[in-house]
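Heads up, the thing below is written out as structure tokens.
The chains referred to below are lettered A, B, ... by the order of the sequence lines, with proteins before strands, and numbering in each begins at 1.
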Number of protein chains: 2
Amino acid sequence: MASAKNPQPKRDTYRHGDLRNALIEAALELARQGGPEAVVLRAATRQAGVAPNAAYRHFADRDALLHAVSQAAMAQVARTMEAEQAAVAPSDDLAAAARARFRAVGTGYLRYAQEEPGLFRTAFHVPGDMTHAADDTAAGATGKTPFELLGEALDDLMNAGLLAEDRRPGAEFLAWSAVHGLAVLLIDGPLRGLHPTQAHDAGQHVIDMIERGI
Amino acid sequence: MASAKNPQPKRDTYRHGDLRNALIEAALELARQGGPEAVVLRAATRQAGVAPNAAYRHFADRDALLHAVSQAAMAQVARTMEAEQAAVAPSDDLAAAARARFRAVGTGYLRYAQEEPGLFRTAFHVPGDMTHAADDTAAGATGKTPFELLGEALDDLMNAGLLAEDRRPGAEFLAWSAVHGLAVLLIDGPLRGLHPTQAHDAGQHVIDMIERGI
DNA sequence: CCGCCCTTGTGTACGATGTCCACATTCGGA
DNA sequence: TCCGAATGTGGACATCGTACACAAGGGCGG
């Protein structure tokens, strides 16, 4: 098998066949270890065993590649959230279930931030624009973006009577603010290097605050 | 006077006299428009009317310069917070005063984020490490860092009976998470470009949530 | 007052990066 | 079969961070 750290040995065919994906894959790995600034065009082409300029047949420029990586990372965030939700023990209590699903959204988000800090930072790094968080390619397995997952969880919360209707509008921004802020603190803020257990506790505290204050 | 956009005309003296500060000043301006990635060594030296390598007599490398800029920006955050606190109408009601001062911390923080997004992003961009938020050079006029200002506001809140003692520990991270998260949303998240008035409202909503949920 | 030396700036150079342009190779359809 | 469009290659350029050797000049001991 082709090593993951050496430049792809070589290619017998002139055409690569799947260069675009290969570049995204390579860039994804660069981002995993090193964040967005580590996504370097020439490094990605090197890894794909291709000349630097070949990249321009598939991406307008470095930013276009970075954006593709960002979307892929965002989709991973969504999948982590979905996985966290899928792991909640089923319950007959509708309200309790809605609440658990809501908390899972935040917990999954924070889990991803800690497990893949480089990719997490890449997901939310869009120079100049980042509305794309709600974009097509940013969706997870269920086809929903992180934002949509959060919105649904809030809707459920409201329908379960755990969130007053007049508090629902804009609630995603309150919740997102708090959780994302903690993620930043944990990744490269003063809370960096916290023991995973403590980090998890901190996350639950923040989610507690949200539930109380939303 | 020397123009602010042209490279410093020239220098008659061989020595610059205050190069270190001149570089920080120039870099600060670069960061103001363009954020941390816009802080480019050669550009700063150009502006100071000096050869690129001269910078290395005052900074170990680009990161050292960036760090200095970051600290300066952090100090500006502190000053903005202090200004916001100074602007609260004096009151006999101790509790109300403590509450107003607490809110001013968040409001000032958010105000700076919106007024100087480039510098704000630079302040909280420390590649690899950012504990420095609590550092010496990051202090404002009163000699306190943003973190210290927040901590004091929380102490006051507790002393005024507005925050249960058992909730005090770690409360700065809850508040900081929420406010910083919103700042990010406002700067380059989905809330970017929000009308200043609406942005202010959003800020007040987040602070409301914090007060309720903390 | 003079000469020395440490500090501060200069010049040149190197490797790396993003990107442009002209050219080569190949695939797929007319 | 042949030809154009798609895909890769090669070479070149500007810019950046930074290393190394050298120059200028200010301050201190004599």
inquiry  = Nearest whole Å is fine: how far is D:dA24 C1' from B:H16 NE2?
reply    =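 One finds 16 Å between C1' of D:dA24 and NE2 of B:H16, rounded.
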inquiry  = Measure CG/A:L23 against P/C:dT19 and give the value in whole Å, please.
reply    =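 Atom CG in A:L23 sits about 14 Å away from atom P in C:dT19.
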Heavy atoms, side chains only, cut-off 4.5 Å: are [X] and [Y] in contact?
X: B:R103; Y: B:D208; value: yes
X: B:E116; Y: B:T80; value: no
X: B:R167; Y: A:M209; value: no

Heavy atoms of other groups near A:R101 CZ, more than 12 under 6.0 Å =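 Check fails, neighbour count at 12 or below.
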task = For the pair A:F120 and A:Y109, name the ring-plane relationship: parallel under 30°, tilted 30 to 60°, perpendicular over 60°.
result =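 If you compare the ring of A:F120 with that of A:Y109, the planes turn out perpendicular.
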Show the distances under 3.5 angstrom between N or O atoms of the protein and N or O atoms of nucleotides 1-6 of chain D.
| from | atom 1 | to | atom 2 | distance (Å) |
| --- | --- | --- | --- | --- |
| D:dA6 | N3 | A:R15 | NH2 | 2.8 |

request  = Determine: side-chain N/O of B:H58 to OP1/OP2 of C:dT7, distance under 4.0 Å, yes or no.
outcome  =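 Checking B:H58 against C:dT7: no side-chain N or O falls below 4.0 Å of OP1 or OP2.
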query = With no hydrogens and no angle check, is any side-chain donor or acceptor of A:S177 less than 3.5 Å from a backbone partner on A:F173?
reply =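 Judged by distance alone, yes, a pair lies under 3.5 Å.
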Carboxylate-amine/guanidinium proximity below 4.0 Å for B:E82 and B:K144 =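 No, B:E82 and B:K144 are not salt-bridged.
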task = Treat primed atoms plus P, OP1 and OP2 as sugar-phosphate and everything else as base, then score nucleotides 15-22 of chain D 5' to 3': B for base contact with protein heavy atoms under 4.0 Å, S for sugar-phosphate contact only, - for none.
result = -BBBBB-B
task = Using distance alone, with no hydrogens and no angle criterion, decide if B:E84 and B:T107 have a side-chain donor and acceptor under 3.5 Å apart.
result =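 No, no side-chain donor-acceptor pair sits under 3.5 Å.
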